[in-house]
Amino acid sequence: MVKEKYLLSCPGCGRSFSDRYTLDCPSGCDALLRTVYRDRRLTLQNLPGIFRYKGWLPIEGHLRIDAGAVSYESVGLARELGLSHLTITFSGYWPERGGRMETCSFKELEAQPTVLRLREKGAGVLQVSSAGNTGRAFCQVSALTGAPVVVVVPASAADRLWTTVPSPNVCLITADGDYSDSIAFGREICSLPGIVPEGGAKNVARRDGMGTVMLDGTLAAGRLPDAYFQAVGSGTGAIAAWEAAERLIADGRFGSRLPALHLSQNLPFVPMVRAWEAGRRDIVVEDMPEAGASIARVSADVLTNRHPPWGVRGGVYDALAASGGRMYAVSNEDARSAGRFFTDTEEIDLDPAAAVAVASLIRAVEEGFVEPDEHILLNVTGGGYERAAEDLDRYPVEPYLQVRAGEAFEGDVRDTVLGWLAKQGVTVRA
Ligand SMILES: *Cc1c(COP(=O)(O)O)cnc(C)c1O
Ligand SMILES: [Zn+2]
């Protein structure tokens, strides 16, 4: 019997099985499936970007894209904060440091292995609903590989969708209303046979792709960090960091203790902070008072997910509990000044979400939640927009279809999507 590179395993029932772009446990457990790789030791590949970590990605081949996270030991910020071991892992555009994510966020770490996994499992056309960075990352990977994707975004976010090379294989649909309306419409499109939802936190390619931040930061420092800082919206990146750290512990060469996860959200929308402080495995409406108005007031709106994978087995709550973690609520003002401080000390501009993480690190140092000699990994999840605007071309992705909030997926609307699929050479028997 040929041994497979990896299997999927369900932490709910303990079953293992082969991957068919599987998003849920076949027994129906409320748990996030995980990859279990045959190789317990991480072997680096001589491949570009994220594919250096192919050994621990749920794919067989690789893409010819040189866009991975880059890590270095901080001098400027570390000195200002009095930290002796601060590793920065940067996902964005910063050519001087080898950063080549041209859409400037760590969502490219998710998009690359997801597109490839779907292609290898032969499963169809990907559908993504996004309020911004995720959609842009998938459009970029589509542009670079020709993979067809259907992206649904709120009409108000359409101007965030651009690529640095033309993206003829993207079907961009704008939906009136907020992010939830886009998600609902996206789900309806997935009723067409052959259209596959990206899957969010349930998608192991997304998580293992984001987990390369922990791999890269650990390899750069030569050991696992004691503390890991990241701003969270869905928390998928944090779950990924936890899973990657567990793999590195099993590898045996990088330490035996899980890094404490220090996760931050942007006030006034901080549901995970509130649920954590109340010690609850579920997020309740009181954790999101006046959700719509709160979401409208945060500076980092990629952090405003109303349904994060919090209480699910293997989700963010478990990651925080297992690692002895902590959560931070950061104001817009603190995030902005932390962002300026970072740009002054490290000389690159940040995504507003990354500025929230920097603010949480500053607070942790001030309050003594981390010691000056601890090994710290700061996940800078996005940045380099100003550099990218100087260096790179920018192609707006034009909407193929515009729909009203709550519009049903039928009639002309449905025919338009079927027509696009036909042009892509995909025939759907509907
Ligand atoms: C999506 C995003 C985050 C939050 O990541 P999650 O995995 O959703 O918690 C943080 N920073 C940036 C720049 C992002 O795009
Ligand atoms: Zn199960």
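Both ligands and their constituent atoms are indexed starting at 1 by order of listing.
Annotation for ligand 1: atoms under 4.0 Å from non-hydrogen atoms of Gly237 are 7 (O). Remark: ligand 1 atoms within the under-4.0 Å shell around heavy atoms of Gly235 are 6 (P), 8 (O), 9 (O). Each of the atoms 1 (C), 2 (C), 3 (C), 14 (C), 15 (O) of ligand 1 lies under 4.0 Å from some heavy atom of Lys107. In the vicinity of Asn133, heavy-atom distances shorter than 4.0 Å reach the ligand 1 atoms 13 (C), 14 (C), 15 (O). Near Ala231, the atoms of ligand 1 lying under 4.0 angstrom from a non-hydrogen atom of the residue are 4 (C), 10 (C).
Of the heavy atoms in Ser234, both backbone and side-chain atoms come closer than 4.0 Å to ligand 1. Under 4.0 Å from ligand 1, heavy atoms of Thr381 appear from its side chain as well as its backbone.
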- [ ] Evaluate the criterion ring-ring contact (aromatic ring centres under 6.0 Å, His included) for residue pair Trp94 and Tyr72; output intermediate values, then yes/no.
- [x] CA-CA 12 Å; Trp94 196 358; Tyr72 66 96; 5.7 Å; yes

TODO: Could you go through the salt bridge (Lys or Arg N to Asp or Glu O under 4.0 Å) check for Arg257 and Asp226 one step at a time?
DONE: CA-CA 8 Å; Arg257 226 182 54 206; Asp226 300 308; 3.6 Å; yes

- [ ] Starting from the C-alpha separation in whole Å, work towards a yes-or-no answer on salt bridge (Lys or Arg N to Asp or Glu O under 4.0 Å) for Lys5 and Glu60.
- [x] CA-CA 8 Å; Lys5 174 182 174 182; Glu60 309 297 333; 5.3 Å; no

- [ ] Evaluate the criterion ring-ring contact (aromatic ring centres under 6.0 Å, His included) for residue pair Tyr395 and Trp162; output intermediate values, then yes/no.
- [x] CA-CA 5 Å; Tyr395 299 86; Trp162 44 264; over 10 Å; no

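Here the side chains of Leu116 and Val141 are not in contact, with every heavy-atom distance at 4.5 Å or above. By the 4.5 Å heavy-atom criterion applied to side chains, Arg306 and Met288 are counted as neighbours.
Vertex the Zn ion (ligand 2), arms ending at SG of Cys10 and SG of Cys29: the angle is 110° after rounding to 10 degrees.
Annotation: cation-pi pair Arg38/Tyr6 absent, no NZ/CZ under 6.0 Å from the ring centroid and within 45° of its normal.
Of the N or O atoms in Gly233, one or more lie within a sub-3.5 Å distance of an N or O in ligand 1.
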